[in-house]
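Worksheet for the structure shown next.
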There are 2 protein chains.
Amino acid sequence: MARVSKISKPKRPARARSRRPELSPRKEPSQERARQTVDAILEAAGDVLVREGFDRASTNRIADAAGVSIGSLYQYFPNKDAVVRALVERHEARMLEVMRTHLGDLAGKDVREVTRALIEGLLDAHRVKPKLQKVLLEHGGHEASSVDAAVEALVRAAVESRRIELAVNDVDVAAFLLVTAVRTACHRAVVERPDLLERPAFVDELCDLVLRYIAADAPAAPRSTTKRG
Amino acid sequence: MARVSKISKPKRPARARSRRPELSPRKEPSQERARQTVDAILEAAGDVLVREGFDRASTNRIADAAGVSIGSLYQYFPNKDAVVRALVERHEARMLEVMRTHLGDLAGKDVREVTRALIEGLLDAHRVKPKLQKVLLEHGGHEASSVDAAVEALVRAAVESRRIELAVNDVDVAAFLLVTAVRTACHRAVVERPDLLERPAFVDELCDLVLRYIAADAPAAPRSTTKRG
DNA sequence: TCGAGACGCGAGCCATCGCTCGCATTCTGA
DNA sequence: TCAGAATGCGAGCGATGGCTCGCGTCTCGA
């Protein structure tokens, strides 16, 4: 057989890849046609991941769903991992965009207002392709996402800068707990309990949870519906 | 270099193999020898999962690590999934055992005590083979575990039975938030921040988060280390 | 003692997976 | 107009995975 020795390095998942800068990004699409191809691939990747699940989402199936040949896929992505990574980045960019438009300027605002804005922003962001997000979270969500990082930084800064007026002892742990609690609550609500999203009480309670913790003596946040004094 | 012709493989669609309509639970080990085999398989499965990661944990590798033939593995487990499932069950049984011995009798106890006992029990339970748990969580944590169910029931009952004396408005939402927050904090701590598990402040803050929420006006819980008045 | 069933073995079937490579088609600029 | 670059194609390679099956070994009750 003519085609001998081929550099077969494929099956080397390489547990942890610390190489962040450019994993051989293959070709960059320069024509409009190519840009559409790349887009179709990413779109299809999302669909396949949701429809078939992570394990059954092979590159062949993705290319197929995109109406594109497998060869074309590998012209723009060096390997399967790169496809998923690109998809994650795109999804997170969209979420961050939602949050950004939701938050506006937080400087100088009251703790309660900031808290509520953050929570509502997060909730809104989680409404972007929730099913896709679920799959992505379950299969790689262990690595901190850019959204997490952004939110955690925001919360940390907020908690730290107001430390004296707040009732928090361990800023580190507090930030961890808050981000974990709120982020997961949003996520679980979106994917498992969509009914909660319709209840104004949900946001209220979430705000209470946070505010009572970081400002134990502070009055409750403004509520959506008046209920309690 | 044309590598044409070639007896192209029929590439049979191979719709289905000899389908096994029922999920045959396979053999039950009856002799001591067999019980040891099953045990070795599960033990090895855990090791391989931790050492090689979920994707590289093939049945062949597991059988190999167990010092057992692949045929023997399939004598007791109908498929790979069953092995993982059995491993999960075994692990959860151990976690529940830890929690049970940790909790003792909660009846009539103070909210603070109950909260702290629950949280410490949960944390202790998460210390059982944390690396294995990390892998299991990342690849199937989406399904409710028996531990989750047990805890959720406990919390719901606790919140509901003390409703009047607590500051909670919406029991439903409150239970959801509490379980989500605490459970995920434990999970994430195990997966991403094992250092937190050793810090007493972690338990303290977690207790504060819960207690300030459900008993907003109540004094802080007893702390591990005295810090604040 | 002995035979039947429980147990253990491992080569190997077949499916699928990630990915390559030679070639066809389309676009672009001089 | 037309050459060369960019893009698209898809059969098929080598690797690996789940799992079967035929047969040898061990155990135990009668």
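Chain letters run A, B, ... following the sequence lines, proteins first and then strands; every chain starts at 1.
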(Q) For the residue pair A:Lys80 and A:Phe54, would you count it as a cation-pi contact if the rule is NZ or CZ under 6.0 angstrom from the ring centre and within 45 degrees of the ring axis? (A) yes
(Q) For a quick check, with a 4.0 angstrom heavy-atom cut-off, what is the B/S/- contact string for nucleotides 4-9 of chain C, read 5' to 3'? (A) --SSBB
Q | B:Thr115 OG1 to B:Leu211 CG distance, which is reported to the nearest 0.5 Å | A | 4.5 Å
**Q.** Whole-Å distance separating the CG atom of B:Asn79 from the P atom of D:dG17
**A.** 16 Å
(Q) Rounded to whole Å, how long is the line connecting atom CG of A:Asp64 with atom C1' of D:dG8? (A) 15 Å
Q. What integer distance in Å separates B:Phe54:CZ from D:dG17:C1'?
A. 13 Å
Q. To the nearest 0.5 Å, what is the distance between CG (A:Leu96) and CD (A:Glu89)?
A. 11.5 Å
Q.
In whole Å, I'd like the distance from the CD atom of B:Gln36 to the P atom of D:dC26.
A. 15 Å
Q.
Measuring from the side chain of A:Thr59 (C-beta onward, heavy atoms only), which nucleotide among C:dG18, D:dG18, C:dT16 has the closest atom?
A. C:dG18
Q: Taking A:Thr101 for its side chain and A:Val98 for its backbone only, find out whether a donor-acceptor pair lies under 3.5 Å.
A: yes
Q: Anything under 30° is parallel, anything over 60° is perpendicular, the rest tilted; go ahead and classify B:His126 against B:His187.
A: tilted
Q. Could you state the interatomic distance from CG (B:Asp195) to CG (B:Leu197), rounded to the nearest 0.5 Å?
A. 8.0 Å
Q. Where along residues 43-51 of chain B does a heavy atom come under 4.0 Å from DNA chain C, residue by residue in number order?
A. none
Q: Take the protein atom CZ of B:Phe77 and the nucleotide atom C1' of D:dT20, then report the distance between them rounded to whole Å.
A: 18 Å
Q | Euclidean distance, atom CD1 of residue A:Ile62 to atom P of C:dC19 [Å, nearest integer] | A | 11 Å
Q.
Just the rounded figure in Å: distance from P of C:dT16 to CG of A:Asn60.
A. 11 Å
Q.
Does a side-chain N or O of A:Tyr74 approach OP1 or OP2 of C:dT20 to a distance below 4.0 Å, or not?
A. no
(Q) How long is the straight-line distance from CG of A:Leu118 back to CZ of A:Arg183, given to the nearest 0.5 Å? (A) 14.0 Å
Q. Is the backbone N or O of A:Cys207 less than 3.5 Å from a side-chain atom of A:Arg116, with the two atoms forming a donor-acceptor pair by type?
A. no
Q. In whole angstrom, what separates B:Lys80's NZ from D:dG17's P?
A. 8 Å
Q: Using modelled atom types only, decide if a donor and an acceptor are shared between the side chain of A:Arg94 and the backbone of A:Lys129 within a distance under 3.5 Å.
A: no
